[in-house]
Amino acid sequence: MEKTYNPQAIEVEIYADWERRGCFTPSGDGKPYCIMLPPPNVTGTLHMGHAFQDTIMDALTRLHRMAGDNTLWQPGTDHAGIATQMVVERQVNAEGTSRREMGREAFVARIWDWKEQSGDRIENQLRRLGASVDWSRHRFTMDPELSVAVREAFVRLHDEGLIYRGKRLVNWDPVLHTALSDLEVVSEEETGHLWHFRYPLADGTGHVVVATTRPETMLGDTAVAVHPDDERYRDLVGRQVMLPIADRAIPVIADEYVDPEFGSGCVKITPAHDFNDYEIGRRHELAVVNVLDDNACLNREVPEAYRGMDRFDARRRVVEEMESLGLLERIEDHRLMVPRGDRSGAVLEPYLTDQWYVNAQALAIPAIEAVETGRIRFVPDNWSKTYFEWMRNIQDWCISRQLWWGHRIPAWYDPDGGVHVGRDEAEARARSGIGEEVPLVQDEDVLDTWFSSALWPFSTLGWPDRTRALETWYPTSVLVTGFDIIFFWVARMVMMGLKFMGDVPFREVYIHGLVRDADGQKMSKSKGNILDPLDIVDGVDLETLVAKRTTGMMQPQLKDRIEKATRKEFPKGIPAFGTDALRFTFAWLDLGRVEGYRNFCNKLWNASRFALMNTEGFDCGPEGEMELSLADRWIRSRLAAAVARTREAFDGYRLDLASQALYEFTWHEFCDWYLELSKPVLQSGAAPQQRAARRTLVEVLEALLRLMHPLMPFITEAIWRQVAPLAGVEGGTIMVQPYPAADAWGEDPAAEAEMTWVQSFILGVRQIRGEMEIPPGKPLKVLLQGAAEKDLAWLEAHRDLLERLARLESIDVLAEDDAAPPSATALLDHVKLLVPMAGLIDAEAEIARLEKQRGRIRGDLAKSERKLANPAFVENAPESVVEKERGRVADMKSALQRLEEQLERVRALG
RNA sequence: GGGUGCUUAGCUCAGCUGGGAGAGCGUCGCCCUUACAAGGCGAAGGUCGAAGGUUCGAUCCCUUCAGCACCCACCA
């Protein structure tokens, strides 16, 4: 093995080998286990959030595959309607043409080209991350088979009346020219104004004052509303006001919706341009006057001077005109929520159009029940509350989009405006009994991308056909995703799964945290803190990183700031850390942590080198006599505990705890102690002892590699291939080896107790050495005083080890009443461990050290004694707790006494 | 307005159904000891956000408060 761990040298090659071997294909007749990869945007790239999420899924997949399950990780990509169309539209715009100029067919063809061109990028990224997906089953949401599923679902829902077409206010994006669902609206508080206008009464007897944040919509007002109980305006109700500028008479109405406390207590009502006003308009049968067009410019319903004007220009103009008419009362600063499209960032308009909707309430009922009854379990469970909250207040889902990229809605219109739905035109005709002589035109719109995503867990497995795959893996085992798409995706999959499959799409939903940067900020392009996962794997120089963060920005004005921050944070770019180190880093992308885990990989690498150096070409058993040492028994016992901890953590989706268990065992038990303890035996033990040590070394390491493999697939594979033969394991790849079971490595409490004694001995000496600044290499003499039989027995058994690890010249036993030379002291239970001070130790320092220890023990002792003096404690606390406390007091008292004696002795020197 | 979380060492976070708080990084000492300086050994550092309550006992359970974060929502 190379002396230093070099991830690049192993990762790519190993992945290719796994693919050649067909390791990712489900196999065996174990119980089915399936995870659906949330399909990323086909033309996008994977960001840190993906890398994190994919690592979790891969770890679970590898774990279950090793555990013998018939495991499928289903990959695929999403056509991502709006996002993809926008990207390509920008491209063609940059080329001086436009999508309208190109026409629908050519433009869609262009998107397909782009999709082909960028399609492999995500796949390559996934490969570099080690994702063990079954590539042979890769699906794209617009594959012919999946399109069949989409049309099937649409037609069935329509036949049941669960999809309908309706004219109502929708969220309209005037830049993208499409309707959006409620979920695609992001509202943020922005600063604006509240304009107070006077509307004169029609009979000229005065005026009312209305307040608005959107002056331009006044041209579409069809009423003024007041609260029915508002004394101030009681006699106005039923009278008419004259709408300025538009010069229309509109009624004053009374409606509970009005808050008398807000503004003047009078509200202008614009049913065509406000969701609330629309409802009020329905209640009062008001006229609906739409004053905007698709682009949110004013239309022909407004006075000549305003026609064709942009809404924000019109706003200024209206204010000016009202002022010149003497009808502007005042302007206040005001903070208000402004709805914007999540993709375009454009201010949305409530806009009256015909759209297709899914009746979500009906589908939500069983979806709520599935979680209530535990057929689907959220992990952590808290997220079920969020799910319920949304599901119980769900609104109908607008599924039509005025885009060109996506699944065309399977509905056709006849010349009279009749609508005919079918899986294709022929079926639509047949179902409606329409002959070929009647021309039909298909609906121009496409479906919301999330409509096809909602079918993903079964459409990818072959639905509507009843395939073998569908029978095997549906319902899937667990969905791994972030909380940000619980509504977009999770909830809708549950609704559709229950509807079409009659069963939940997954049994568990594991909601992981969001990946944040080192400052705890969410990663986003506009914050300029994004990192490409492969830049951490392979490293990146500063200039490339800056370029990545500042090109193709939606808000180019942020460029300078982002560039500066990036140069400051990564003055030398980012070094290559390797995939395994990245995968081992959970939830928080702190480069310090990635570095720590890269170091961990290096540690494992070198420990393995040590193991191989001491075993390759030697007799490692299992034939031949073997004599297990204390260390051998101990490390096997500790491995059993590590296996148990790791599996338990995996079962609870606590990958952070799994990684912690692995880290601690590997570094602080296997490397820090076991390897050190095994050195004397490996170098100069008797044959049966050496054989046992070598056997233990390769067996424990081999099992450890399997235990770690789900989280760190590459390094474990690379090492395993060399170690496995020594442990007598065949099989070519670690991927298909069984996952370690705790019961294969029995716990050994006796060995652990004895080992604790050995460790305490060594630690005691090291502490003295460290605090007295005695160089590590300087051999020391040690005396033991007050040793019991057990101590003497263990001392003799492990004298060599103790001398070696604590770097001792000698260990001698003193009788209780023997005079000891001036020494520094450590306590090993009730035994005094003495390091004679002559020439080594400063009395002052030793006194200070002992006093510090004494102070600490005194404090603890006082607390414990107080506790035991409390009769309520002794009576009420469990016997074991009281006993433990008594034992502690006894120990502390004896320790205190020893310290006092020692202090006296050292003081006497001075 | 409704909902969900969070507050523990300098920083970022663990802490399993209540029984004297841990890790990584950082800091400070001593070391190139033949697996590893991407390392070894040792140390310092916390009234567990505040105040009450329950309990023999509270970082953990309950209440209130303060601060922070996120999600949802139609107040002009």
Side-chain angles (χ1 to χ4, degrees), chain A residues 1 3-5 182 187 194-195 210-214 217 225 257-259 261-270 274-279 334 336-337 339 350 380 382-383 385-386 388-390 393 483-484 486-487 514 516 518-520 522 575 577 581 586-588 590-593 595-614 648-649 652 654 656-657 660 663-664 668 671-672 675-676 679 762-763 766-778 804 807 859-860 863-864 867 870-878 880-882 884-885 888:
Chain A
M1 285 174 78
K3 183 169 176 188
T4 298
Y5 162 65
D182 297 342
S187 291
L194 195 55
W195 286 272
V210 297
T212 181
T213 54
R214 303 204 48 198
T217 64
Y257 161 76
V258 179
D259 176 3
E261 305 295 318
F262 190 91
S264 63
C266 290
V267 192
K268 62 189 267 312
I269 303 298
T270 323
D274 183 280
F275 289 101
N276 289 312
D277 292 7
Y278 186 74
E279 289 307 313
H334 184 67
L336 72 164
M337 297 296 276
N382 283 330
W383 291 108
K385 292 181 189 167
T386 304
F388 287 138
E389 188 68 18
W390 187 73
N393 298 297
F483 65 83
D484 49 332
I486 290 179
F487 307 143
L514 288 188
R516 294 158 189 278
D519 299 323
K522 264 197 272 190
F577 291 113
F586 286 98
W588 210 280
D590 182 338
L591 284 189
R593 194 160 276 223
E595 186 180 356
Y597 291 136
R598 191 273 318 263
N599 295 353
F600 175 64
C601 289
N602 189 50
K603 188 77 178 173
L604 175 66
W605 185 265
N606 280 294
S608 303
R609 277 181 62 221
F610 172 82
L612 289 169
M613 283 166 56
N614 283 283
E648 195 185 330
R654 289 299 303 269
D656 58 328
L657 296 184
Q660 194 184 324
Y663 186 98
E664 279 171 12
H668 298 307
C671 292
D672 286 353
L675 295 189
E676 295 305 323
K679 282 176 185 174
I762 294 165
L763 289 171
R766 281 181 183 167
Q767 189 179 33
I768 291 171
R769 199 188 279 277
E771 294 194 356
M772 294 297 127
E773 301 188 4
I774 302 170
K778 170 107 186 153
R804 165 127 181 184
R807 304 234 162 200
D860 290 347
K863 269 190 218 162
S864 290
K867 208 173 197 176
N870 178 0
F873 171 70
V874 182
E875 281 164 33
N876 293 318
S880 63
V881 173
V882 177
K884 197 170 135 199
E885 205 63 37
R888 189 179 291 156

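Model, not experiment: these values are computed from the prediction. Computation of the quantities below employed the complete heavy-atom set of this structure, encompassing side-chain atoms and omitting hydrogens, waters and symmetry-equivalent molecules. Chain letters run A, B, ... following the sequence lines, proteins first, then strands; residues in each count from 1.
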(request) Determine the contact category for A:Met1: base if any of its heavy atoms lies under 4.0 Å from a base atom, sugar-phosphate if only primed atoms, P, OP1 or OP2 are that close, otherwise nothing. (result) nothing

(request) Please work out if A:Pro878 contacts a base, only the sugar-phosphate, or nothing of the nucleic acid, heavy-atom cut-off 4.0 Å. (result) base

[X] has a side chain; which of [options] sits nearest to it?
X: A:Met337; options: B:A14, B:G40, B:A73; answer: B:A73
X: A:Asn276; options: B:C74, B:C72, B:C56; answer: B:C74
X: A:Thr4; options: B:A38, B:G40, B:G42; answer: B:A38
X: A:Phe487; options: B:C72, B:G24, B:C56; answer: B:C72
X: A:Gln660; options: B:G19, B:A14, B:C36; answer: B:A14
X: A:Tyr257; options: B:C75, B:A14, B:G5; answer: B:C75

(message) Could you identify the nucleotide paired to B:C16, looking across every strand shown and requiring Watson-Crick or G-U wobble geometry with both distances under 3.5 Å?
(response)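 Checking every strand shown, B:C16 finds no partner, since no pair has both distances under 3.5 Å.
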
(request) Keeping the roles fixed (side chain from A:Asn393, backbone from A:Glu389), state whether a donor-acceptor pair exists under 3.5 Å. (result)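 A pair under 3.5 Å: yes.
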
(request) For the pair A:Arg888 (side chain) and A:Asp860 (backbone), establish whether a donor and an acceptor sit closer than 3.5 Å, ignoring hydrogens and angles. (result)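 The answer is no, because no donor-acceptor pair under 3.5 Å joins these two groups.
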
(message) Once hydrogens and angles are ignored, does a donor-acceptor distance under 3.5 Å link the base of B:A73 to the side chain of A:Glu389?
(response) no

Phosphate-side-chain proximity, [X] and [N], N/O vs OP1/OP2 below 4.0 Å:
X: A:His668; N: B:C41; answer: no
X: A:Asn602; N: B:A38; answer: no
X: A:Lys3; N: B:C36; answer: yes
X: A:Lys884; N: B:G20; answer: no
X: A:Asn599; N: B:G39; answer: yes
X: A:Arg598; N: B:G24; answer: no

(request) Please say whether the positively charged group of A:Lys679, taken as NZ for Lys or CZ for Arg, lies over the ring of A:Phe610, i.e. under 6.0 angstrom from the six-membered ring centre and within 45 degrees of the axis. (result)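 Judged by the rule, A:Lys679 and A:Phe610 form a cation-pi pair.
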
